[in-house]
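One structure below.
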Number of protein chains: 4
Amino acid sequence: MNVGIVGASGYSGEVLVKLLLGHPQVKLTAVTSRQHADKPVAQVIPALRGTAAEQLRFTNSDPASTAARADVDLWFLALPHGAAADFAQALVPAGRKVVDLSADFRIADLATYEKYYGTHHAPGLLPSARFVLPELTDPKWKSEIKLAAAPGCYPTSTIVPLAPLLKAGIVAKDHIVVNSFSGVSGAGKKAEEQYLYAERAESAKAYGLTKHRHLAEIEEQLSGFAGAKIVLQFNPHLAPMRRGIITTTTVPAAPGATIESLYAAWRAAYAGKPFISILASGETPDSAYVTGTNRLDLSAVHDPRTGNFILTSAVDNLVKGASGQAVQIMNLWLGLPETAGLV
Amino acid sequence: MNVGIVGASGYSGEVLVKLLLGHPQVKLTAVTSRQHADKPVAQVIPALRGTAAEQLRFTNSDPASTAARADVDLWFLALPHGAAADFAQALVPAGRKVVDLSADFRIADLATYEKYYGTHHAPGLLPSARFVLPELTDPKWKSEIKLAAAPGCYPTSTIVPLAPLLKAGIVAKDHIVVNSFSGVSGAGKKAEEQYLYAERAESAKAYGLTKHRHLAEIEEQLSGFAGAKIVLQFNPHLAPMRRGIITTTTVPAAPGATIESLYAAWRAAYAGKPFISILASGETPDSAYVTGTNRLDLSAVHDPRTGNFILTSAVDNLVKGASGQAVQIMNLWLGLPETAGLV
Amino acid sequence: MNVGIVGASGYSGEVLVKLLLGHPQVKLTAVTSRQHADKPVAQVIPALRGTAAEQLRFTNSDPASTAARADVDLWFLALPHGAAADFAQALVPAGRKVVDLSADFRIADLATYEKYYGTHHAPGLLPSARFVLPELTDPKWKSEIKLAAAPGCYPTSTIVPLAPLLKAGIVAKDHIVVNSFSGVSGAGKKAEEQYLYAERAESAKAYGLTKHRHLAEIEEQLSGFAGAKIVLQFNPHLAPMRRGIITTTTVPAAPGATIESLYAAWRAAYAGKPFISILASGETPDSAYVTGTNRLDLSAVHDPRTGNFILTSAVDNLVKGASGQAVQIMNLWLGLPETAGLV
Amino acid sequence: MNVGIVGASGYSGEVLVKLLLGHPQVKLTAVTSRQHADKPVAQVIPALRGTAAEQLRFTNSDPASTAARADVDLWFLALPHGAAADFAQALVPAGRKVVDLSADFRIADLATYEKYYGTHHAPGLLPSARFVLPELTDPKWKSEIKLAAAPGCYPTSTIVPLAPLLKAGIVAKDHIVVNSFSGVSGAGKKAEEQYLYAERAESAKAYGLTKHRHLAEIEEQLSGFAGAKIVLQFNPHLAPMRRGIITTTTVPAAPGATIESLYAAWRAAYAGKPFISILASGETPDSAYVTGTNRLDLSAVHDPRTGNFILTSAVDNLVKGASGQAVQIMNLWLGLPETAGLV
């Protein structure tokens with residue numbers, strides 16, 4: 001199978017190029033970027049020197065000509081929202097499978113999307129698109145969709161611990177408080193003063209309180225699993241590290257729920273899932289242990305004093321939080337081993 | 001006035017030495033440390049080369065001989081809990097003022113202390129001791145106590161935002177969720193594998209969930225301000241930085257409370273306090289801006305979707321979270337300008 | 001005395017503002033910045049909240065109106081080269097003392113300056129200006145100059161160890177190899193991709209080899225001390241830290257020189273200098289111990305196998321490497337205690 | 001082929017386990033560690049959760065029983081010097097191939113070894129052992145040796161740029177000055193105060209000047225390539241990052257040598273070598289681009305002012321500087337593709 005990436009610069013783009021070049025069963029035949037058109041990939045991404053990136057060049061792209069290419073079976077879109085939909089608009093009708101890393105198709109409800117992101121560029125594609133979190137999304141997506149929307153980083157770290165517990169009635173549906181701490185690469189490769197090394201080293205702060213865009217997909221997904229409208233508190237923070245997200249979620253236990261029933265719900269949901277590690281209660285996930293991998297570690301404790309469960313998770317924001325999960329989606333969609341090309 | 005420090009090695013001890021050596025109105029005449037007895041201070045704390053630390057030597061110490069010294073009017077105790085009480089036991093009856101940086105006298109209720117810390121070494125001193133957070137504690141402490149207990153780092157970052165809001169009925173008394181994120185110096189100068197550079201760089205993780213010792217003083221203090229028993233969720237995390245704590249607290253707004261009434265309660269509590277900066281709602285505190293100072297920045301937003309307030313604060317765990325606050329206490333206790341020797 | 005800063009944003013500008021606001025004997029009455037004109041200083045430099053920076057506002061500036069101000073006795077120029085000379089051109093004739101943090105007046109030889117920096121904007125001022133490294137420059141500068149040029153950061157870290165040894169014939173005049181390793185703040189507060197946190201964390205690299213601009217002043221100064229033309233190898237490197245410079249210089253011992261005679265030459269040069277600490281041979285300077293101070297630590301070893309001396313030094317690039325040294329110069333120039341306002 | 005690791009904890013051990021578990025053509029059947037005997041590998045190395053490390057347990061080991069195992073064809077020794085020789089002493093006579101990551105067999109001259117490391121535990125093995133740097137060591141080693149000594153980290157970063165240039169007479173044989181900056185993992189996983197996060201973050205310093213043990217193998221190897229005794233200056237430094245080494249070597253150009261002839265010598269030596277990337281003169285290696293890979297990037301410039309060449313290189317100290325190179329050696333020794341299991 002031949003695959004391609006539209007918009008392969010930026011941090012998640014670099015990770016995606018690396019994963020696909022090392023994938024044993026697909027061939028990365030196209031990487032497009034307006035900014036770097038004609039440059040060798042290994043020149044733009046020096047960390048990929050000495051790899052197959054030496055033989056690959058970025059090409060210019062626009063939706064129409066990209067769709068016209070017959071040499072790519074599945075396209076990854078690593079573009080900003082809006083631009084992604086523009087490309088999807090051309091690629092999907094042309095019969096190409098599309099895995100989108102942007103937010104454009106993660107949210108089923110158009111009004112919700114537009115409230116957070118502005119006018120949707122391709123609402124007509126929404127019915128044939130779907131948010132796909134492989135460990136949770138009903139597997140029928142593989143045969144039903146034409147475009148898979150890879151989840152956002154914070155949403156992955158938040159939804160994985162919570163979804164099975166909402167579904168199984170282990171936790172309350174309200175008073176959910178999610179606190180996340182993310183490495184700076186999550187902000188992208190933007191030359192802005194606030195992301196300079198001298199500004200971010202030895203610094204931590206909250207941002208985007210009450211209104212981070214990821215709320216849209218987090219709440220839509222969790223409402224689906226809960227069978228009821230979920231509104232929660234999501235507090236993101238910038239951490240002085242390059243990669244990794246830890247998320248600590250505090251939520252009241254449902255009546256009768258115990259730490260044992262919580263872990264049983266997790267095992268029922270995630271047993272046999274190659275990228276989810278359920279840690280013993282009392283061992284908290286460390287972002288360093290998952291960084292560079294497609295894994296998500298999670299754990300939980302119960303506090304009898306407050307009646308809350310505290311759920312903790314760790315992911316690499318660029319891998320399981322973005323590009324690794326996109327590759328995982330591709331593997332499942334193409335009928336390849338789920339773990340192909342991933343650790 | 002002459003002051004001394006018992007147990008001046010360790011990270012907060014180093015900060016305390018530096019602050020007192022630079023203090024315009026007191027003279028640091030004694031620094032004791034069993035580990036470093038007889039060594040010049042500037043040799044043990046190389047960051048203090050070229051300062052008055054060159055003329056100071058560590059001396060050995062035990063409670064009795066320390067109490068017998070007539071050349072020190074006020075002692076700072078920078079010892080582990082237990083050991084601090086041992087020294088206090090000798091110093092207080094000898095008429096010396098004592099500012100204790102340990103937890104030994106922060107908690108008024110003996111049973112609570114012993115539940116978290118084990119057997120108290122000097123319970124008889126508890127009635128003449130008190131937790132002193134200068135901006136909040138009733139000023140009568142200055143004339144009533146013989147030993148001031150400087151608050152813990154996490155407690156400072158948690159209590160300052162919450163206390164006036166509980167007292168003024170701006171926030172609910174339950175469903176309080178506190179998430180803190182601290183630099184590694186908070187763990188102390190212990191040669192343990194988990195605190196090695198290669199373990200902590202590019203790493204973040206939760207720890208001490210449901211049972212961190214600081215819960216004891218946080219809840220006792222806040223219960224006092226609330227006029228009701230407060231039980232809350234306190235989730236600490238290790239951050240890949242040396243210094244600084246950010247704390248994000250989510251709590252439901254009390255009926256009728258608004259962001260304006262919240263800010264009014266803060267202004268009423270903190271107007272004119274030199275070390276508290278109330279930031280505009282929407283501007284979140286950054287630990288880098290307070291590190292190296294005795295300041296605490298705070299801010300809040302209201303989320304109409306959840307009905308919660310989210311309170312954010314930032315402090316330097318070693319300064320306003322420990323040694324700076326101890327000096328601030330001394331200043332007030334000795335009738336000196338509150339900001340003397342502090343920034 | 002009233003002092004002012006032209007161009008006070010940027011990292012060394014922030015340090016300069018902080019130092020002058022805390023200086024016991026001068027009053028910072030003016031801070032100019034086109035970019036931040038009219039904004040309160042504490043808003044632009046959040047780390048200065050709660051200080052006298054709250055009462056100070058940036059004002060717009062141009063050379064003529066700045067020179068016309070009668071309320072400032074001494075101006076610091078924290079501008080890029082070229083722009084600094086433009087202001088100096090107006091301020092010096094107006095009788096204001098000027099301490100310039102740029103390179104514009106560090107190099108006496110105009111041709112050398114122009115080779116590295118381009119056309120000089122105010123060559124007519126060169127005769128009344130001088131590179132001033134307080135511990136080394138002949139003290140007559142205080143009465144002879146109208147503009148003091150504060151040395152660059154790498155030059156400070158390089159010249160201090162070498163100058164007395166060249167002068168005393170302790171080291172050879174050739175085969176001098178200087179390797180420096182600097183925190184990222186040395187690059188300035190420029191929103192460029194290469195200085196983003198995600199680019200610089202966990203990264204080290206050489207840059208500016210053979211042609212770093214600081215070569216000009218390093219070689220001119222050392223040639224003066226050596227009494228012969230010095231040409232050396234200067235290899236700068238970017239380090240994954242915010243502040244600090246370490247410099248390791250390898251140079252053959254002159255015939256007959258020993259480590260004892262080297263240390264004797266250092267002591268002769270630096271005994272009593274409050275900001276220079278000569279460490280024992282075998283103890284190497286650590287940038288963490290001088291960061292935040294105006295100190296420079298240095299040390300040396302002799303290698304009998306190669307016949308080389310290896311000189312090591314550490315400074316804070318923003319303090320003794322820039323703004324602290326500028327304040328130190330001001331102190332001496334105005335007849336104040338050399339250490340006033342500095343640690 | 002079955003392989004095993006003796007002493008697989010520690011930072012290079014963890015990397016070695018990961019590389020071998022992912023190797024397509026060998027099977028890691030044994031990992032021994034006294035400290036962690038009986039524990040699952042994924043428990044001791046949490047970063048390897050979810051991998052084949054879940055099915056592997058550490059076993060206890062001593063030389064005799066390790067040698068007696070018939071289920072391992074090649075052993076890696078990831079032990080301290082001395083202990084490594086003890087195991088080699090048993091394994092080599094038993095006919096097992098041994099790749100040693102310690103210094104025990106890197107130095108051919110026994111007197112030199114003992115000067116730096118103390119009494120050799122197995123000098124009788126020296127004739128059948130050899131320092132193997134795959135890109136440089138005469139390939140006949142594959143058929144001549146019984147034990148391959150994987151080079152040290154600093155030596156790899158130093159020898160690769162210099163060896164071909166000494167051999168081809170491009171650089172002088174004296175006045176060689178090598179400065180290296182290494183991430184903290186190079187110090188090992190030792191719970192010592194100096195390697196604590198709070199000590200090493202925002203800190204850089206030289207150490208081991210004139211006498212670092214790696215001098216022994218660096219000089220012996222380079223003397224071999226130069227055909228003359230090489231004595232050089234090697235200045236290591238600790239950098240505030242976890243992984244990576246950059247090395248900057250200053251050396252006079254030999255008469256008639258040019259940057260073109262230098263690059264020609266490098267190309268002659270390294271063309272087609274999969275893990276060496278020769279960067280254009282003027283582009284300096286960045287440790288971030290090689291970290292996590294088995295690659296070494298190098299570059300050089302010529303300074304007409306001094307007549308020196310400045311050679312720059314970057315490696316990951318744990319990969320090409322240790323475990324990756326060990327796997328590369330194994331690949332060649334077993335006749336597998338050189339790049340198998342490596343990036």
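No experiment lies behind these values; they were computed from the predicted model shown. Chain letters run A, B, ... following the sequence lines, proteins first and then strands; every chain starts at 1.
Heavy-atom distances place the backbone of B:P285, and not its side chain, under 4.5 Å from chain A. When heavy atoms are compared at a cutoff of 4.5 Å, B:A206 approaches chain A by way of both its backbone and its side chain. Neither the backbone nor the side chain of B:I176 comes within contact range of chain A; no heavy atom of the residue lies under 4.5 Å from a heavy atom of that chain.
With chain A as partner, the option from B:A201, B:G183, B:P252, B:P240 having the largest number of non-hydrogen pairs under 4.5 angstrom is B:P240. Heavy-atom pairs under 4.5 Å with chain A were tallied for B:M241, B:Q233, B:E283; the largest tally goes to B:Q233. Per-residue heavy-atom pair counts under 4.5 Å with chain A were compared for B:T291, B:N179, B:L238, and the maximum is reached by B:N179. Between chain B and the options A:K211, A:H237, A:E199, A:H175, the largest number of non-hydrogen pairs under 4.5 Å is found for A:H175. The candidate with the highest count of non-hydrogen atom pairs below 4.5 Å against chain B, out of A:A204, A:A288, A:S203, A:A314, is A:A204.
The structure places OG of A:S299 at 11.5 Å from NZ of B:K205, a figure rounded to the nearest 0.5 Å. Atoms CG and CD, on A:D286 and B:Q194 in that order, are 10.0 Å from each other to the nearest 0.5 Å. One distance of note links CD of B:E202 with CZ of A:R242; it measures 5.0 Å at 0.5 Å rounding.
In this structure, the side chains of A:L209 and B:T284 come closer than 4.5 Å at one or more pairs of heavy atoms.
With sequence neighbours excluded, the residues that form a side-chain hydrogen bond (donor to acceptor under 3.5 Å, both in side chains) with B:D109 are B:T112.
Using the six-membered ring where Trp is involved, A:F181 and B:F181 have ring planes that are parallel, under 30° apart on the 30 and 60° scheme.
Counting non-hydrogen atoms of neighbouring residues, nucleotides and ligands closer than 6.0 angstrom, the NZ atom of B:K167 reaches no more than 12 such neighbours.
Contacts of residues 300-312 of chain A with chain B at a heavy-atom distance below 4.5 Å involve A:V301, A:H302, A:D303, A:R305, A:T306, A:N308, A:I310, A:T312, listed in sequence order.
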